[in-house]
Each structure stands twice: as structure tokens, then as C-alpha cells.
Amino acid sequence: MNQKYNIYCDESCHLENDRIPVMVIGAIWCSLDKRQSIANTLREIKRRHGFSNRFEIKWTKVSPGGFKFYEEVVNYFFSEEDLHFRSLIVPDKTIINHPRFNQDHDTWYYK
């Protein structure tokens with residue numbers, strides 16, 4: 001099996017001392033041969049809603065004025081069988097026992 005994938009990762013609140021206990025790491029992936037088609041569809045959704053191709057889709061930018069755009073993106077995501085998602089939610093990163101695993105926060109994060 002020589003299937004190649006594009007994987008897009010992001011995290012939220014990963015810094016050790018940011019005063020936010022919850023952390024999330026997520027990944028979206030698709031096969032390399034579907035990447036261009038998916039990217040084109042997302043660009044078309046952006047265009048229809050008046051956004052630039054360079055507009056970054058992120059939850060902190062959701063607003064009442066952009067609601068229909070984000071709704072279409074979410075609907076596309078869940079209807080596109082070639083897009084996949086996984087996430088890891090750390091409910092309280094302040095209670096991780098780093099010494100037990102001979103690591104610091106950065107080492108744990110990159111694991």
C-alpha cells in the first residue's frame with residue numbers, strides 16, 4: 001500500500017503556563033490525490049462568501065456576519081468522505097506528571 005496523505009495539524013492552548021488548563025491537538029487529513037479537489041472546493045466556498053483565497057478558516061474568526069460561510073464549510077467537511085479528522089483533548093494539562101515520564105512539557109507535547 002503506497003497511498004500518500006496530506007496531514008494538517010493544529011493545536012489550541014498548548015503552552016504550559018498560559019493559564020488555560022484544557023488543550024486540544026487535532027489533525028485533518030486526506031489522500032494526496034484528493035487534496036487539490038478539496039482545496040478547490042474550499043476556495044470556491046470562500047469566493048462565494050466574499051473571502052480571499054488566503055483567508056484562514058479558524059474558530060476564533062466565527063462571527064454572526066460569517067456564520068453562513070462557516071456553516072457551509074462545516075457541512076462540506078462532514079459530507080466529504082475523503083476528509084478525515086482526529087483530535088486529542090487534554091482536560092487539564094496542569095496535572096500531567098512529567099517527572100514520572102522523565103520529560104518536560106515540551107517533550108511531552110512533541111510526543
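A distance of 11.0 Å separates CD in E16 from CE in M23, rounded to the nearest 0.5 Å. Taken from CD1 in I25 to CG in D10, the straight-line distance is 10.0 Å, to the nearest 0.5 Å. To the nearest 0.5 Å, atoms NZ (K4) and SG (C30) are separated by 14.0 Å. In this structure, CD in E80 is found 6.5 Å from OG in S37, a value given to the nearest 0.5 Å.
Taking the side chain as every heavy atom from C-beta outward, Y5 and H84 never approach each other to under 4.5 Å. The closest side-chain heavy-atom distance from N75 to E72 is not below 4.5 Å.
Connectivity analysis of hydrophobic side chains (ILVMFWY, heavy atoms under 4.5 Å, direct or indirect) links L42 to I28, I38, I45, F51, F55, I57, V62, F69, Y70, V73, V74, Y76, F77, F78, L83, F85.
In the displayed structure, R48 atom CZ is contacted under 6.0 Å by more than 12 heavy atoms of other residues, nucleotides or ligands. Atom NZ of K46 sits in a crowded spot, with more than 12 heavy atoms from other residues, nucleotides or ligands closer than 6.0 Å. Within a 6.0 Å sphere centred on NZ of K68, other residues, nucleotides and ligands contribute 12 heavy atoms or fewer.
Listed by first and then second residue, the side chain to side chain donor-acceptor pair (under 3.5 Å) pairs involving residues 98-109 are E11-Y109, H98-Q103, H98-H105, Q103-K111, D104-T107 (not counting sequence neighbours).
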Quick one: do Q36 and N40 satisfy side-chain hydrogen bond (donor to acceptor under 3.5 Å, both in side chains)? Show the steps, please.
CA-CA 6 Å; Q36 193 61 50; N40 289 341; 3.1 Å; yes

Dump the intermediate steps for side-chain contact (heavy atoms from CB on, under 4.5 Å) on Q3 and D33, then the final yes or no.
CA-CA 9 Å; Q3 183 68 41; D33 60 327; 3.5 Å; yes

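I95 and I89 are not part of a single hydrophobic cluster, where members link through side-chain heavy atoms under 4.5 Å apart. Residues Y8 and W59 do not share a hydrophobic cluster, defined by chaining ILVMFWY side chains whose heavy atoms lie under 4.5 Å apart.
Without hydrogens or angle criteria, K93 side chain to I20 main chain gives a donor-acceptor distance under 3.5 Å.
The nearest pair of heavy atoms linking N6 to R35 is ND2-CD, 2.6 Å.
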